[in-house]
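Order of listing sets the numbers, starting from 1, for every ligand and every atom in it.
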Amino acid sequence: MKIYISGEYFEKENAKVSVFDHGFLYGDGIFEGMRSYDGNVFRLRDHLDRLWESARSIQLTIPITVEAMEKAVNETLKINEISDGYIRLIVTRGRGTLGLDAHLCQHPQVIIIADHLALYPKECYEKGLEIVTASTIRTNPAMLGPQIKSMNYLNNILAKIEGHQAGCAEVLMLNSKGEVAECSGDNIFIFKRNRLHTPSPDAGILEGTTRRVVLELAAELGMNIKEAPMTRHDIYTADECFLTGSAAELIPVVKLDGRTIGNGLPGTVTKKLLERFRAETKKR
Ligand code: PXG
């Protein structure tokens, strides 16, 4: 495996960053997780737009152009001969001192890792996931915008640990108002009374690229769409529920907190949207 670090490729064992990098010391950096299909990165521009937005928000200057980044991502994929895979793109603040001063970090580091995918087992798509609500509340946007895909994912990791302890592969996170926000690494949708409903960005979520594609596809299908606050009551009483993420695509959820959603099986609308989504990934 060859890993791209700021313009050079290193073997996995030699791909290293400084312990003085503020990404390591403070989680001061940003990232993207992307998926490639048949050698093409799905919605690469959307991911790069979000990366640049995250950078702007934390006052981090990405040291290369969008075009150069696009080229580097595609090249890393090619060099590693990965056609259907997962790409992690990271930009750290770079090496500094032990103090918090970001201005002492002169050289932000760009890291690109292309790997094989670690997917949810096929069975999860056939039977649907069972999830629980975490007691860990999603970061309050008044403190740190969840739309920044920062290298500090402790909030989500603590929630995911709770999920794991409950025997669940994903976990639901509420915001500080008690509304549904999203899952630890996926956005959430329900289908109820003929309407597709997902929390709006105001709920304090990471606006997923997959979420956006699903909203586009639902609009093309003429579906009734609601981006509005959601509570757990809405999920408990929904006909269908599913999660979206670059790695997961669309994955059905059939139980929340031990309660069966709908008839307890992946729903027809979920299946239809997944089918449309997969067709979208094949478009060139
Ligand atoms: N919400 C959060 C908090 C995320 O981290 C998504 C939603 C979905 O976004 P996309 O753009 O992928 O549709 C994410 C995705 C993982 C993993 O292993 C996922 C993410 C980050 C790190 C790991 O599933 N981000």
Side-chain angles (χ1 to χ4, degrees), residues 23 27 29-37 41-54 57 73 85-91 111-121 124-125 129 131 133-134 136-141 143-164 168-175 179-189 198-218 227 230 241-251 253 273-274 276-278 280-281:
I30 51 176
F31 76 100
E32 280 297 319
M34 306 173 274
R35 190 155 165 186
S36 69
Y37 296 90
V41 181
F42 186 59
R43 302 282 166 129
L44 177 54
R45 270 299 168 122
D46 287 356
H47 284 284
L48 295 184
D49 285 350
R50 188 169 65 186
L51 184 79
W52 255 262
E53 226 177 88
S54 292
S57 186
V73 167
Y86 184 81
I87 303 104
R88 174 62 53 93
L89 170 53
I90 308 150
V91 186
I111 298 154
I112 307 170
I113 309 168
D115 204 353
H116 295 284
L117 263 178
L119 289 171
Y120 284 112
C124 294
Y125 291 87
L129 285 183
I131 62 172
T133 308
T136 304
I137 295 298
R138 187 76 177 98
T139 309
N140 187 328
M143 301 169 181
L144 181 67
Q147 64 276 51
I148 302 165
K149 205 162 163 65
S150 89
M151 283 172 68
N152 193 323
Y153 248 55
L154 257 186
N155 178 232
N156 312 61
I157 288 167
L158 294 180
K160 182 117 180 165
I161 289 171
E162 288 187 58
H164 181 77
C168 297
E170 244 305 6
V171 66
L172 182 70
M173 298 184 80
L174 307 179
N175 64 21
E179 299 162 348
V180 170
E182 59 182 331
C183 289
S184 68
D186 297 288
N187 292 114
I188 189 159
F189 285 77
T198 192
S200 67
D202 307 340
I205 59 168
L206 179 86
E207 284 184 65
T209 51
T210 321
R211 173 187 181 277
R212 183 182 303 167
V213 174
V214 167
L215 287 172
E216 282 168 17
L217 294 175
E227 270 187 88
M230 180 189 285
C241 178
F242 64 88
L243 311 181
T244 63
S246 296
E249 300 180 324
L250 277 78
I251 188 154
V253 173
L273 284 168
L274 176 57
R276 289 295 293 256
F277 181 85
R278 288 193 169 148
E280 197 65 24
T281 64

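- Remark: ligand 1 atoms within the under-4.0 Å shell around heavy atoms of F31 are 21 (C), 22 (C).
- Within ligand 1, the atoms closer than 4.0 Å to a non-hydrogen atom of R88 are 22 (C), 23 (C), numbered from 1 in the order shown.
- Among all non-hydrogen protein atoms, the one lying nearest atom 16 (C) of ligand 1 is Y86 OH, 4.7 Å.
- Minimum interatomic distance between D186 and A248 (heavy atoms only, all atoms of both residues): OD1-CB, 3.8 Å.
- Distances between N or O atoms of H47 and those of ligand 1 include no value under 3.5 Å.
- Residue-level proximity to ligand 1 for S184 is carried by the backbone, the only part with a heavy atom below 4.0 angstrom.
- For the pair Y37/R278, no side-chain contact is recorded, criterion being any heavy-atom separation below 4.5 Å from C-beta on.
- Nearest heavy-atom pair, L174 versus V180, reported as atom, atom and distance to 0.1 Å: CD2-CA, 3.8 Å.
- Distances from atom 13 (O) of ligand 1 to the heavy atoms of T210, V213, L243, L119 show the closest one on T210.
- Judged by distance alone, with hydrogens and angles left aside, the side-chain atoms of N152 form a donor-acceptor pair with the main-chain N or O of L154 at under 3.5 Å.
- The protein does not reach atom 18 (O) of ligand 1 closely, with no heavy atom under 4.0 angstrom from it.
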Could you go through R211 and I205, starting from their C-alpha distance and side-chain angles, then the distance that decides it, and tell me whether this counts as side chain to side chain contact (heavy atoms under 4.5 Å, CB included)? CA-CA 11 Å; R211 173 187 181 277; I205 59 168; 3.7 Å; yes
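- Summarising the contacts of atom 12 (O) of ligand 1 with A247, S246, G33, A159, the nearest heavy atom is found in S246.
- Relative orientation of the F242 and F189 rings is parallel, given thresholds of 30° and 60° on the angle between their planes.
- If you number the atoms of ligand 1 from 1 as listed, the ones under 4.0 Å from a heavy atom of G245 come out as 8 (C), 12 (O), 13 (O).
- Counting atoms of ligand 1 from 1 in the listed order, those under 4.0 Å from a heavy atom of N156 are 3 (C).
- T244 places no side-chain N or O within donor-acceptor distance of the main-chain N or O of L250, the cut-off being under 3.5 Å.
- Atoms of ligand 1 found under 4.0 Å from any heavy atom of K149, numbered from 1 in the order shown, are 4 (C), 5 (O), 14 (C), 15 (C), 20 (C), 21 (C), 25 (N).
- Remark: minimum distance from atom 2 (C) of ligand 1 to any protein heavy atom is reached at E182 OE1, 3.5 Å.
- When all heavy atoms of A181 and A203 are compared, the closest pair comes out as CB-O, 4.1 Å.
- Ion pairing between a basic and an acidic side chain is recognised when a charged N comes within 4.0 Å of a carboxylate O; R35 and E249 show such pairing.
- When the options G208, A181, C183, G185 are ranked by their closest heavy atom to atom 15 (C) of ligand 1, first place goes to G185.
- No hydrogens or angles considered: a donor-acceptor pair under 3.5 Å links the side chains of N155 and T139.
- Scanning the protein heavy atoms around atom 5 (O) of ligand 1, the nearest turns out to be Y153 OH, 2.6 Å.
- Near N187, meaning under 4.0 Å from one of its heavy atoms, ligand 1 places the atoms 7 (C), 8 (C).
- Not a single heavy atom of E32 sits under 4.0 Å from any atom of ligand 1.
- Residue R138 has at least one heavy-atom neighbour below 4.0 Å for each of these atoms of ligand 1: 3 (C).
- Looking only at distances, no side-chain donor or acceptor of S184 sits under 3.5 Å from a matching main-chain atom of V171.
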